[in-house]
Each structure stands twice: as C-alpha cells, then as structure tokens.
Amino acid sequence: YLRNAYVHTSFRNYAENCLEHMQIDFWKAMPASKLSGEYKLAFMREWELLDRDYTGMISKEAFVRFHLRMHTLHQHPSWELDESLRRYIDRKFPDNYVTLRDLCLYAEDGEEYIEGTEELTKRVTQKNHAYEDEIDKDERKLAYHGETFEDYRKRCLEHMKLDYTFAIRRVADTKLSLMMDERQDDEHYDDKAKYWALFERRFQDAWDQVDKHKTGFLRSPKEGCKLVELLLITPKEGSAE
C-alpha cells in the first residue's frame, strides 16, 4: 500500500542515507577504505533506470536485472549471480519488492575484498559455505563472522546512529521516545551527541542481559520484548544516567 519507501524527505536525501549504510558495511569488507565515487554513480544510475518515479522500491525481478547489470555491464565480480545466490536472494527477500535501503544493506554484507581493490572479491557466509549450504539462523551459533561480537555490535549501532541522525535532520526536535523521562530537565538532552551516547550505553547493557552468550541473535519474540522492556526502564535518580 505504500507509494514510496520513504516519508518526510526527498528521494535524494533518502538515497544518500542508504549509500551511507552501504559504506558502513564496506568498511568491514575493506577496512579504512571508501566506496569510490565512480562505483556509487554507477550503482545509483542503474537503480534510477529501474525506479524512474523515485519511489525507493523496485520489484524483485528488477532487482535481479540490477544484479546482472552490475556484474556484466560494470564488471564487478562481487555481483556475479548464480543459482545458489538466486536461492539466497529468494530467502532474504521473501516479498516481491526490494527497497533501496534493503539493497544497500545487502550489497556489502558478507563481502571481503583483498589486495586493496574492489575487483578481487569473495562473498563469504559462515564457514565459507556456498549459499545453498548456509544453515538456518535458528541453527547457527553466531549472527556474525569474520569479526568479534564487539565489532559486530559496534557496526550495528553505527547503522542505528545513522538512522537516528537522519531522523534528526528530518524533524529538528526528534528525540528517542523510549529514552525520555519527562521528570528530568530537557537541557540534559539538548546535546544530541550526548543523548545518543546515553542510548548506546543503555542499549548495549540491555542487549547483554538478553543475549548472554553474545550470539548476536534474539531467538524469540519473548527475548525481543525483554530487550524493549529493559530499554523502557527509567534510570533511578542519582544514577550515572
């Protein structure tokens, strides 16, 4: 029923935010590197050929064409599409559409670039299995690979922070409602950087209480509800928070 994948902003701003998400994961794939301007230009040109009304959404069929063109036309090996990857895409995108944000979060996930170039690539899954061999998340022990839990969580929080700052830009007085305590002076939250740091600490503490074995998974709705419950708890008066 949605006409656009974004609200209260322009397509250009939405696209920039999506590309920044892709950059976060690219830093994990190739540390201390940035996506080239040429690559991002080709990426967005191919998207806009399929999304001429700038809705931020395309069909899954169009997404497959995007995949093929990035590989065959633009010669990026990491976009090679075989039957194994097609099956993986069907599992990852069960609906008949893909948003630009979905695509950007998918694009660099599981990639490893070597020799300091985008052209030498290797898409990996847990234990370097082929896509059809990737076991179901309910059977996997960890949600991450090729990094520590702390680095994985830090990367996830960078994604969250990016969306928080994007919301701040869209609505100047936006605050994280789950962090607000109306009894406290609003001046305590005027500095948005400090405000985010407070949320980040509380999120990490809450996550650690739910995911005691640092798997990176919430394995049930009950665990998700517990995480939200912990985040909604108001800090006691006189505490550091």
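We find the CZ-OH distance between Phe93 and Tyr88 to be 7.5 Å, quoted to the nearest 0.5 Å. Cys18 contributes atom SG, which lies 7.5 Å from atom CG of Leu105 (distance to the nearest 0.5 angstrom). For the atom pair CG of Leu231 and CD1 of Ile233, the computed distance is 9.0 Å after rounding to the nearest 0.5 Å. Considering OG of Ser59 and CG of Leu50, their distance stands at 8.0 Å, rounded to 0.5 Å. Rounding to the nearest 0.5 Å places CG of Asp82 at 10.0 Å from NE2 of His71. Summarising the geometry, atom CZ belonging to Arg45 is positioned 9.0 Å from atom CG belonging to Leu73; distances are rounded to the nearest 0.5 Å.
For Asp205 (side chain) and Arg202 (main-chain N/O), no donor-acceptor pair under 3.5 Å exists by modelled atom type. A distance-only check finds no donor-acceptor pair linking the side chain of Glu200 to the backbone of Trp196 [under 3.5 Å]. Side chain of Gln204 to main chain of Phe199: no donor-acceptor pair is present (N/O by atom type, distance under 3.5 Å, no hydrogens or angles). Put simply, the side chain of Glu147 never gets that close to the backbone of Tyr144: no donor and acceptor are under 3.5 Å apart.
In terms of heavy-atom proximity, Met57 sits nearest to Ala5 at CG-CB, 3.6 Å. Taking all atoms of both residues into account, the shortest heavy-atom contact from Gly216 to Ala143 is O-CB, 3.5 Å. Heavy-atom minimum distance, Ser33 versus Gln23: O-NE2, 3.1 Å.
Aromatic ring centroids of Tyr39 and His76 lie under 6.0 Å apart. Between Tyr106 and Phe63, the distance separating the two ring centers is shorter than 6.0 angstrom.
With sequence neighbours left out, Glu158 forms a salt bridge (Lys or Arg N to Asp or Glu O under 4.0 Å) with no residue at all.
Hydrophobic clustering of Ile, Leu, Val, Met, Phe, Trp and Tyr side chains at less than 4.5 Å, counting indirect connections, keeps Leu100 apart from Ile24. Hydrophobic clustering places Trp79 together with Val64 (ILVMFWY residues linked when any side-chain heavy atoms are closer than 4.5 Å, directly or through intermediates). Leu162 is not connected to Leu103 by any chain of hydrophobic side-chain contacts under 4.5 Å among Ile, Leu, Val, Met, Phe, Trp and Tyr, and they are in different clusters. In this structure, Val210 is a member of the same hydrophobic cluster as Leu142, with clusters built from ILVMFWY side-chain heavy atoms closer than 4.5 Å.
Within a 6.0 Å sphere centred on NZ of Lys60, heavy atoms belonging to other residues, nucleotides or ligands number more than 12. Under a cut-off of 6.0 angstrom, the local environment of CZ in Phe149 is crowded, with over 12 non-hydrogen atoms contributed by other residues, nucleotides or ligands.
No side-chain donor-acceptor contact under 3.5 Å links His67 and Glu80.
Here Arg52 does not pair with Glu48 in a salt bridge; the nearest charged N to carboxylate O distance is not below 4.0 Å. Ion pairing of Lys28 with Glu108 is absent here, as no side-chain N (NZ or NE/NH1/NH2) approaches a carboxylate O to less than 4.0 Å.
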Exercise. Show your working on side chain to side chain contact (heavy atoms under 4.5 Å, CB included) between His74 and Phe43 and close with a plain yes or no.
Key: CA-CA 9 Å; His74 299 285; Phe43 186 95; over 6 Å; no
Assess whether side chain to side chain contact (heavy atoms under 4.5 Å, CB included) is satisfied between Tyr54 and Ser10, documenting all intermediate values. CA-CA 9 Å; Tyr54 301 103; Ser10 65; over 6 Å; no
Problem set entry | Test log, rule side chain to side chain contact (heavy atoms under 4.5 Å, CB included), inputs Met70 and Phe66 | CA-CA 6 Å; Met70 288 297 290; Phe66 177 97; 3.6 Å; yes
Show the numbers, then the answer: is there a side chain to side chain contact (heavy atoms under 4.5 Å, CB included) between Thr55 and Phe11?
CA-CA 7 Å; Thr55 64; Phe11 175 78; over 6 Å; no
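In this structure the side chain of Lys222 never reaches within 4.5 angstrom of the side chain of Leu227, judged on heavy atoms. Looking at Met44 and Leu41, their side chains never come closer than 4.5 Å, going by heavy atoms from C-beta outward. No side-chain heavy atom of Arg86 sits less than 4.5 Å from a side-chain heavy atom of Ile89. With contacts defined as side-chain heavy-atom distances shorter than 4.5 Å, the pair Lys34/Trp27 qualifies. Side-chain contact between Asn13 and Phe166 is present, with heavy atoms from C-beta onward closer than 4.5 Å. Side-chain contact between Lys92 and Asp102: absent, with no pair of heavy atoms (C-beta onward) separated by less than 4.5 Å. Put simply, the side chain of Thr99 does not reach to within 4.5 Å of the side chain of Ile58, judged on heavy atoms.
The side chain to side chain donor-acceptor pair (under 3.5 Å) pairs that include a residue from residues 206-218 are Glu150-Lys214, Arg153-Asp208, Trp207-Asp211, Asp211-Thr215, where partners are two or more places apart or lie in different chains.
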